[in-house]
Amino acid sequence: MIRTPILQQTHLLMAQEDPLQNPDLLRQQECLSLLQRCKSIEEFKQTHAQFFKLGLDGDPRRSGSLIATCALSNWGSMDYACSIFGRIEEPGTFEFNTIIRGHVKDTDSQAALILYGKMLERGVEPDNFTYPSLLKACAHLSALEEGFQIHGHVFKLGFESDLFVQNSLINMYGKCGQVKHSSRVFEKMDEISVASWSALIASHASLGLWSGCLRLFGDMNSEGCWRANVSTLVSVLSSCTHLGALDLGRCTHGSLLRNISGLNVIVETSLIDMYVKCGSLEKGLAIFHKMPKKNQFAYSAMISGLAIHGRGKEALDVFSDMLEEGLKPDAVIYVGVLSACSHAGLVSEGRQCFTRMRLKHHIEPTILHYGCMIDLLGRAGLLNEAYELIKSMSMEPNDVVWRCLLSACKVHPNLELAEIAGGKLFQLDPHNAGDYVLLSNIYAQAYQWEDMARMRKDLARRGLIQMPGFSTVEVKRKVHKFVSQDKLRPECDAVYEMIHQMEWQLRFEGYIPDTSQVLLDVNEEEKQQRLSGHSQKLAIAFALIHTSKGSTIRIVKNLRMCSDCHKYTKLISKIFERKIFVRDRNRFHHFQDGTCSCRDYW
DNA sequence: TTAGGGTTAG
């Protein structure tokens with residue numbers, strides 16, 4: 001008989017077995033260990049087939065291990081795992097647990113829940129190992145109803161005090177948007193692990209409760225019993241990113257370097273995203289270029305980071321590197337690539353990418369990709385092409401798409417298309433005050449005063465108000481939030497005094513307030529007062545008072561910057577000799593010496 | 001032999 005190398009090895013191991021051990025069990029263990037050492041699914045299948053021929057397969061205990069080896073390794077071999085599972089006549093709790101876990105790892109959470117149903121149907125008792133996987137499946141699917149049901153089973157079977165189950169419950173409720181339930185489970189726990197804190201912190205982060213997330217991190221540290229691990233710190237980094245808290249992000253980076261050996265690709269991606277979105281693009285680039293191995297997430301973070309800083313050409317270079325490395329682009333990466341073209345005005349490159357996305361990479365454009373393209377064409381003044389693209393869309397255009405066209409019609413006046421876009425917007429989103437103002441300004445540009453007045457009247461009749469704007473600024477590692485027209489904060493007296501001084505100096509630089517975007521029907525003086533109270537100006541004034549001369553000011557806003565704040569900030573950067581970085585809803589603006597990196601093209 | 005927490009767009 002010609003032996004394959006694997007079988008030679010098996011025989012060798014069998015010959016070496018300890019007579020004191022159970023020879024059958026030893027043989028089974030050796031088979032399993034050989035299977036576990038296989039380097040690929042092909043090798044695994046071949047070895048398994050040989051054991052099957054030799055009659056070493058069939059014991060349910062070993063079958064469970066085989067499923068585990070196959071399903072839980074990184075081969076993506078769930079089909080094969082399922083075929084092994086299907087051959088077991090009477091799968092027990094362990095086999096069900098393993099196949100369920102495999103499906104969850106393979107992100108086929110629906111299949112995991114179906115298998116749980118089958119498990120119950122067959123009368124197989126779930127145990128405390130079954131539930132963490134199932135709860136994770138509910139978390140993936142945001143399936144709250146199923147999550148509640150499973151929590152009921154957990155309670156009935158008495159697993160509610162199991163630490164792993166509790167942590168999974170916290171996570172499930174968090175991912176289903178029920179952070180109150182997460183907190184309730186956490187508060188009831190007798191024993192808490194770092195993973196419990198991480199799950200609770202991540203629950204807050206996944207709901208966008210960034211400040212709450214940082215507060216909890218502070219609580220965890222002040223209790224002093226736990227040392228944050230990678231997962232905790234990644235959630236903290238994500239909160240810093242969204243709050244624009246660069247100093248806090250830097251501290252978290254320091255903590256990672258001190259306490260965690262060898263940062264993995266997830267941490268590095270979070271760090272890139274944090275630095276880039278907190279305004280430190282160069283630091284993000286440095287981490288990116290030093291990464292030993294990059295995945296799609298890392299490329300995506302870097303490409304969209306370069307995009308929001310207006311560095312479109314570099315974003316396209318990084319994209320080319322990614323393709324050269326053999327990584328497959330996905331829909332998310334193409335959003336970054338197209339928005340990079342849009343922010344930098346790269347029209348022909350954007351058109352090429354849009355075509356390549358569909359024809360070469362077979363990615364169907366979503367509404368986000370169309371949004372980027374309409375924005376790109378509209379900014380470049382190609383309004384008819386943008387409108388034709390909207391008409392050719394395979395799905396119903398949404399308000400974002402029409403708003404891109406309407407904004408473009410203001411920059412490159414086109415009354416006919418503006419009225420079409422405006423009409424669609426008033427149908428799709430009749431409560432957005434900004435759209436009425438935009439169209440009324442377009443009428444004003446075209447000297448159509450009656451239409452302008454009609455828009456303003458419509459706005460007043462509907463009683464619409466703009467979403468309140470806010471800006472955050474980090475001073476001495478603390479994030480300070482200012483709401484538009486803020487008068488409640490104790491610092492406000494000093495802030496308004498500073499604004500008074502700033503405006504005094506601005507007048508010498510020729511600043512005239514641009515009140516065209518003030519919605520209220522009040523006199524000019526009151527409109528100017530409203531402009532002075534814009535949150536961005538309050539945040540800049542606060543930073544000028546509390547930071548040292550020459551230091552950079554970094555601001556994050558929830559809305560797009562208005563044209564008055566843009567003009568104002570450019571002049572302030574010159575008068576006070578400060579670099580001011582503002583992240584608005586769309587992109588970054590680097591103000592320095594009276595100019596902005598967006599070249600007034602935003 | 002099995003279980004928990006983390007990253008990219010909008």
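These numbers were taken from a predicted model, which means no experiment stands behind them. Naming: A, B, ... by sequence-line order, numbering from 1 per chain.
- For A:F319 and A:Y334, the gap between ring centers is short of 6.0 Å.
- Judged by distance alone, with hydrogens and angles left aside, the side-chain atoms of A:S83 form a donor-acceptor pair with the main-chain N or O of A:Y80 at under 3.5 Å.
- As rounded to whole Å, 16 Å separates atom P of B:dT2 from atom CD1 of A:I99.
- Every residue meeting the side-chain hydrogen bond (donor to acceptor under 3.5 Å, both in side chains) condition with A:N229, not counting sequence neighbours, appears here in chain and number order: A:T232.
- The stretch residues 225-245 of chain A comes close to DNA chain B through A:N229, A:V230, A:S231, A:V234, A:S235, each having a heavy atom under 4.0 Å from the strand.
- The salt bridge (Lys or Arg N to Asp or Glu O under 4.0 Å) contacts involving residues 257-278 of chain A comprise A:D273-A:K277, where partners must be two or more places apart or lie in separate chains.
- Screening residues 211-232 of chain A for ring-ring contact (aromatic ring centres under 6.0 Å, His included), with sequence neighbours left out, gives A:W197-A:W226.
- Side-chain proximity of A:P132 to the nucleotides B:dT7, B:dG5, B:dA3 is greatest for B:dA3.
- B:dG10 atom P lies 7 Å from atom CG of A:L368, rounded to whole Å.
- For A:F297, taking side-chain heavy atoms from C-beta onward, the closest of the listed nucleotides B:dA3, B:dG6, B:dT8 is B:dT8.
- Within the nucleic acid shown, A:D330 has no heavy atom closer than 4.0 Å to any nucleic acid atom.
- For B:dA3, neither phosphate oxygen OP1 nor OP2 lies less than 4.0 angstrom from any side-chain nitrogen or oxygen of A:K136.
- Take A:H153 and apply the ring-ring contact (aromatic ring centres under 6.0 Å, His included) test, not counting sequence neighbours, and it matches A:Y116.
- No hydrogens or angles considered: nothing links the side chains of A:S238 and A:T241 as a donor-acceptor pair under 3.5 Å.
- Close to B:dT7, at under 4.0 Å from its OP1 or OP2, lies no side-chain N or O of A:K294.
- Within the 4.0 Å cut-off from OP1 or OP2 of B:dG4, at least one side-chain nitrogen or oxygen of A:R101 is found.
- Ring-centre distance between A:F96 and A:F129: not below the 6.0 Å cut-off.
- Judged as a salt bridge (Lys or Arg N to Asp or Glu O under 4.0 Å), and not counting sequence neighbours, the contacts of A:D399 are A:R403.
- Residues passing the ring-ring contact (aromatic ring centres under 6.0 Å, His included) test with A:H103, sequence neighbours excluded: none.
- For the pair A:I266 CD1 and B:dT8 C1', the computed distance is 12 Å after rounding to whole Å.
- Residues passing the ring-ring contact (aromatic ring centres under 6.0 Å, His included) test with A:Y173, sequence neighbours excluded: A:F148, A:H151, A:H181.
- Counting to the nearest Å, the C1' atom of B:dT7 and the CE atom of A:M291 are 9 Å from each other.
- Separating the CG atom of A:L135 from the C1' atom of B:dG4 is a distance of 10 Å, rounded to the nearest angstrom.
- Between the NE2 atom of A:H204 and the P atom of B:dG6 there is a distance of 14 Å, given to the nearest Å.
- Side-chain atoms of A:V335 lie closest to B:dA9 of the nucleotides B:dG5, B:dT2, B:dA9.
- A:V194 comes within 4.0 angstrom of a nucleotide base, judged by non-hydrogen atoms across all strands.
- Using a 4.0 Å cutoff on non-hydrogen atoms, the parts of residues 267-284 of chain A near DNA chain B are A:V267, A:T269, A:S270, A:D273, A:K277, ordered by number.
- The nearest whole Å value for the distance from the CD1 atom in A:I308 to the C1' atom in B:dT8 is 12 Å.
- Using a 4.0 Å heavy-atom cutoff across all strands shown, A:N97 reaches at least one base atom of the nucleic acid.
- For DNA chain B, the neighbouring residues in residues 148-168 of chain A, judged by any heavy atom under 4.0 Å, are A:D162, A:L163, A:F164, A:N167, A:S168.
- Within the 4.0 angstrom heavy-atom criterion, no nucleotide atom of any strand lies near A:S203.
- The salt bridge (Lys or Arg N to Asp or Glu O under 4.0 Å) pairs that include a residue from residues 216-226 of chain A number zero, where partners must be two or more places apart or lie in different chains.
- Residues forming a salt bridge (Lys or Arg N to Asp or Glu O under 4.0 Å) with A:R311 (at least two apart in sequence, or on another chain): A:E282, A:E314.
- Taking atom OH on A:Y173 and atom P on B:dG5, their separation rounds to 16 Å, with Å as the unit.
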